[in-house]
Amino acid sequence: MTSETPDPRLRAWAPVCQAVALLLGPYAEVVLHDAARDEVLAVWNPMGGRGPGDPSLLGELDALDQAAPDVYGPYPKLLPDGRRLSSVSAVLRDEDGRPAAVLCVNLDRGPLEHAAALLAAFAAPTAPRPEPLFEQDWTERMNEVIGGYVRAHGRPLQRLGREDRLAVLRELDRAGVLAVRRAVPAVARALEVSRSTVYTLLAELRGTPGAAGPPGAADTPDVPDAPGSPDAPDVLEAPGPTALPAD
């Protein structure tokens, strides 16, 4: 195909065909068909061995009603080498509404299917987790509770409100995480809040005002503790999952 041609359809549509071919190439074949002579006008990124002048075999386009849709697809096609295509066809009409040309885009689905299979293989676990290696790892339980809540509710950590954090702490308490030494700082880091916020929420959760944390702790700041500030006590003295942090 030359850049200059007397055919007005090529002058009008070749830039569009070339643009689509450049965007999707080399995985898309773009074919412009002569609707009147039922033959190929031009091909960009040819896949099936067709060229200008070859039969299009499009059928009787004259039978298409002017009110019928002019875009069809995506529909499946198959090449002789086994490649599967997703195809779209658009009927291009002249100023009188008669079909003048047909633009077809055939996208090779192979690379997309291979990429999807590769991503699916990486995304899905291939073996069960060896529980004996993790049965003492309370941080794993913490991550599962917090991460499970985030995924179930579709909100990032930064958008969790007071009720969300109370619900998470309730589940962590049931899982026994909050009875573990040094659990509060880890939970605060995981929730991206300060330890004093965790202590305050724990006091509210257990209905024990005044047991929110160390003396002088702020009630509800949601920022990390300032560098160099004294660590808050993190040992929960009373046994069991409902133990309160000691002063």
Side-chain angles (χ1 to χ4, degrees), residues 27 109-247:
Y27 305 115
R109 294 171 51 183
L112 297 177
E113 292 173 346
H114 294 158
L118 180 63
L119 292 174
F122 276 112
T126 57
R129 187 176 73 172
E131 292 301 332
L133 295 180
F134 295 96
E135 60 183 358
Q136 301 299 323
D137 191 345
W138 59 269
T139 60
E140 285 286 330
R141 297 199 300 275
M142 176 188 71
N143 292 338
E144 288 176 357
V145 169
I146 298 175
Y149 189 92
V150 167
R151 289 180 63 87
H153 292 78
R155 287 193 295 274
L157 288 170
Q158 298 80 2
R159 293 184 57 193
L160 294 184
R162 172 179 156 278
E163 294 300 324
D164 295 314
R165 292 166 183 164
L166 284 171
V168 169
L169 290 177
R170 186 178 295 111
E171 289 302 316
L172 290 173
D173 203 15
R174 290 172 181 169
V177 171
L178 296 178
V180 178
R181 179 181 176 85
R182 304 294 298 175
V184 169
V187 170
R189 285 193 298 270
L191 289 175
E192 298 184 4
V193 299
S194 66
R195 282 175 289 179
S196 58
T197 296
V198 175
Y199 283 121
T200 301
L201 292 172
L202 280 174
E204 181 179 349
L205 180 65
R206 295 163 181 173
T208 54
D219 286 336
T220 56
D222 285 345
V223 295
D225 295 331
S229 62
D231 286 345
D234 298 313
V235 180
L236 306 182
E237 292 181 350
T242 58
L244 290 175
D247 287 338

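Position 1 is the first residue of the sequence; numbering continues from there.
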Smallest heavy-atom separation, Ala190 atom then Met142 atom, equals CB-CE, 4.1 Å
Among residues at least two apart in sequence or on other chains, which ones pass side chain to side chain contact (heavy atoms under 4.5 Å, CB included) with Asp164?
Tyr149, Arg155, Leu160
When every non-hydrogen atom of Val177 is compared with those of Ala183, the smallest separation belongs to O-CB, 3.2 Å
Mind checking what makes salt bridge (charged side-chain N to carboxylate O under 4.0 Å, His left out) contact with Arg189, not counting sequence neighbours?
none
Go through the structure and list residues passing salt bridge (charged side-chain N to carboxylate O under 4.0 Å, His left out) with Arg170, not counting sequence neighbours.
none
Between CG of Leu157 and CZ of Arg165, what distance do you get to the nearest 0.5 Å?
9.0 Å
Do the side chains of Leu191 and Val168 get nearer than 4.5 Å, heavy atoms only?
yes
What ring pair (Phe, Tyr, Trp, His ring centres under 6.0 Å) pairs are there with at least one residue in residues 155-193, not counting sequence neighbours?
none
With sequence neighbours excluded, give me every ring pair (Phe, Tyr, Trp, His ring centres under 6.0 Å) pair touching residues 154-183.
none
What I want to find out is whether Arg174 reaches Glu171 closely enough, with some N-O distance under 4.0 Å, to be called a salt bridge.
yes
With sequence neighbours excluded, residues passing side chain to side chain contact (heavy atoms under 4.5 Å, CB included) with Leu166:
Arg162, Glu163, Leu201, Glu204, Leu205
